[in-house]
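Structure first, commentary second.
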Amino acid sequence: MKKSNIKAIFARKANTIWRERNQQVQRRHALPSRLIVNLTSHPPRFDTLPLTLKCLLTQTVNADRIILWIAEADMAALPASVHQFTKHGLTIRACEDRRSYNKIVHAVQAFPKAFLVVADDDVYYPPDWLETLVGAYDPGKWEVLCHRARAIALATDGSVLPYLQWHPEISDTSASPRVFPTAGVSGALYRPGILHKDVTRADIYLELAATTDDIWLYFMSRLNGAVSRKVESANPVVTWAGSQTTNLVNFNNEGGGNDVCWNRLCQHYGVVPINLPAYGVPSRQRLAPWFA
């Protein structure tokens, strides 16, 4: 089946779920603090953004907030078709433009005690997408949960191989330092305090990893001793519009952008994060800056 036909099918599913939302029962999550879903967007994707918002607002588990972070310069271009979702639970926040990082760094600063989920703006999310992430949470494990991940490939000497040699879309659901969440597409759940304090340092990430927020977030979790785990999921990855994403993906993958950013961050922090030790849930004292 052609990709265009597949996208059309899932677009119809999103619209159908939205029309039938009054018949759905949304359950409250059982997490110990607030659950906030975050995404960002920009004008080239505003036309299809409503499809993703329909998916996020009709999840079987209800988030406490769903926030759309929009760069201040783009707010005037945001169409009425997006603003109308504020009547159905969406929060729209203007923010200082940090590009793809808008979907996480502002939320970390504004809601340090919340469970934060990141989502992309041009993806079909099935109704149980959030429930699956939340249901996999284990308070006794210091881990990032994701729907989609690669496995970092190692050479015989233990060094990290180039990104294109990493194993794509793993099915293994074991937690490991080698699990690399591709959070930008299929989403990931970050528990409070799991990301290193540098996560909001725009002076670092915009200089060393401006186009690769997935690599930055992986570093930030590993520097804080966390590992990642892919949740049980058979959800397809279907995007509404691919031109902007494809260009960036091609640059990061085939253009070597991921490897450049990985090496820059290794040099900056003086470590290869896959070799860092992992630990269990840190003490409250270790998390004091986040919970003060």
Side-chain angles (χ1 to χ4, degrees), residues 38 40 98-109 112 115-118 120 141-155 158-168 170 175-230 248-249 251-253 255-282 286-287 289-290:
N38 301 272
T40 188
R98 294 293 182 253
R99 293 182 257 189
S100 62
Y101 289 91
N102 287 338
K103 65 177 175 285
I104 182 65
V105 295
H106 305 299
V108 170
Q109 291 175 315
F115 286 78
L116 302 177
V117 174
V118 294
D120 210 349
K141 295 180 179 178
W142 193 239
E143 58 189 14
V144 174
L145 299 169
C146 60
H147 270 287
R148 191 182 182 204
R150 288 176 175 258
I152 298 173
L154 304 178
S159 61
V160 176
L161 291 171
Y163 185 86
L164 285 180
Q165 296 183 47
W166 296 4
H167 309 294
I170 62 173
S176 168
R178 290 182 61 190
V179 175
F180 178 87
T182 50
V185 177
S186 292
L189 172 67
Y190 298 93
R191 60 184 292 169
I194 201 167
L195 295 171
H196 187 270
K197 61 183 177 63
D198 282 358
V199 66
T200 58
R201 288 281 304 272
D203 58 319
I204 301 176
Y205 63 72
L206 289 181
E207 179 182 355
L208 303 180
T211 63
T212 54
D213 53 297
D214 281 349
I215 287 181
W216 175 252
L217 292 173
Y218 173 81
F219 263 78
M220 292 298 100
S221 65
R222 291 294 297 127
L223 286 173
N224 234 20
V227 293
S228 297
R229 175 163 61 92
K230 181 187 178 301
L248 188 57
V249 167
F251 168 75
N252 286 335
N253 293 356
N258 283 323
D259 297 318
V260 170
C261 293
W262 177 276
N263 291 331
R264 285 175 179 169
L265 291 172
C266 287
Q267 292 172 5
H268 179 83
Y269 286 104
V271 297
V272 179
I274 194 171
N275 297 327
L276 292 170
Y279 50 74
V281 178
R286 183 182 178 91
L287 292 179
W290 295 89

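Worth knowing before you read on, the calculation uses all heavy atoms, side chains too, and leaves out hydrogens, waters and symmetry mates.
- The CG atom of N258 lies 6.5 Å from the CZ atom of F180; values are rounded to the nearest 0.5 Å.
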**OP:** Just do the side-chain contact (heavy atoms from CB on, under 4.5 Å) check on D213 and I104 with the steps written out, would you?
**Re:** CA-CA 9 Å; D213 53 297; I104 182 65; 5.9 Å; no

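- Across every non-hydrogen atom of Y269 and I204, the tightest pair is OH-CD1, 3.8 Å.
- Residues V271 and L223 meet the side-chain proximity criterion, which asks for heavy atoms closer than 4.5 Å.
- For the atom pair NZ (K141) and CZ (R229), the distance works out to 5.5 Å, reported to the nearest 0.5 Å.
- Nearest heavy-atom pair across P181 and Y218 is CD-CD1, 4.2 Å.
- Nearest heavy-atom pair, Y205 versus V105, reported as atom, atom and distance to 0.1 Å: OH-CG2, 3.6 Å.
- With rounding to the nearest 0.5 angstrom, the NE2 atom of H147 is 9.5 Å from the CG atom of L145.
- With sequence neighbours left out, the side chain to side chain contact (heavy atoms under 4.5 Å, CB included) criterion links A153 to L161, W166, H167.
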**OP:** Evaluate the criterion side-chain contact (heavy atoms from CB on, under 4.5 Å) for residue pair R191 and V281; output intermediate values, then yes/no.
**Re:** CA-CA 11 Å; R191 60 184 292 169; V281 178; 3.9 Å; yes

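- The backbone N or O of L116 lies less than 3.5 Å from no partner atom in the side chain of N38, so there is not a single donor-acceptor pair.
- Take Y190 and apply the ring pair (Phe, Tyr, Trp, His ring centres under 6.0 Å) test, not counting sequence neighbours, and it matches no residue.
- Of the candidates V179, V227, L189, E143 forms a side chain to side chain contact (heavy atoms under 4.5 Å, CB included) with just one, namely V227.
- The minimum heavy-atom distance linking T182 with A149 is given by the pair OG1-N, 3.9 Å.
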**OP:** Verify side-chain contact (heavy atoms from CB on, under 4.5 Å) between I274 and L154, making sure each step is shown before the conclusion.
**Re:** CA-CA 10 Å; I274 194 171; L154 304 178; 3.8 Å; yes

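- Using a 4.5 Å heavy-atom cutoff, the side chains of C266 and P273 are in contact.
- From Y163, atom OH reaches atom SG of C261 across 11.5 Å, with rounding to the nearest 0.5 Å.
- Summarising the geometry, atom CG belonging to L206 is positioned 5.5 Å from atom CZ belonging to R99; distances are rounded to the nearest 0.5 Å.
- Residues W262 and V160 share a closest heavy-atom pair of CZ2-CG2, 3.9 Å.
- How far CG of L217 is from OG of S100: 8.5 Å, rounded to the nearest 0.5 Å.
- Of the possible polar contacts, one joining the N102 side chain to the R98 backbone as a donor-acceptor pair under 3.5 Å is found.
- Inter-residue side-chain proximity for W216 and T211 is flagged as unmet; no heavy-atom pair is nearer than 4.5 Å.
- Listed here is the closest heavy atom pair of A226 and R222: O-NH1, 2.8 Å.
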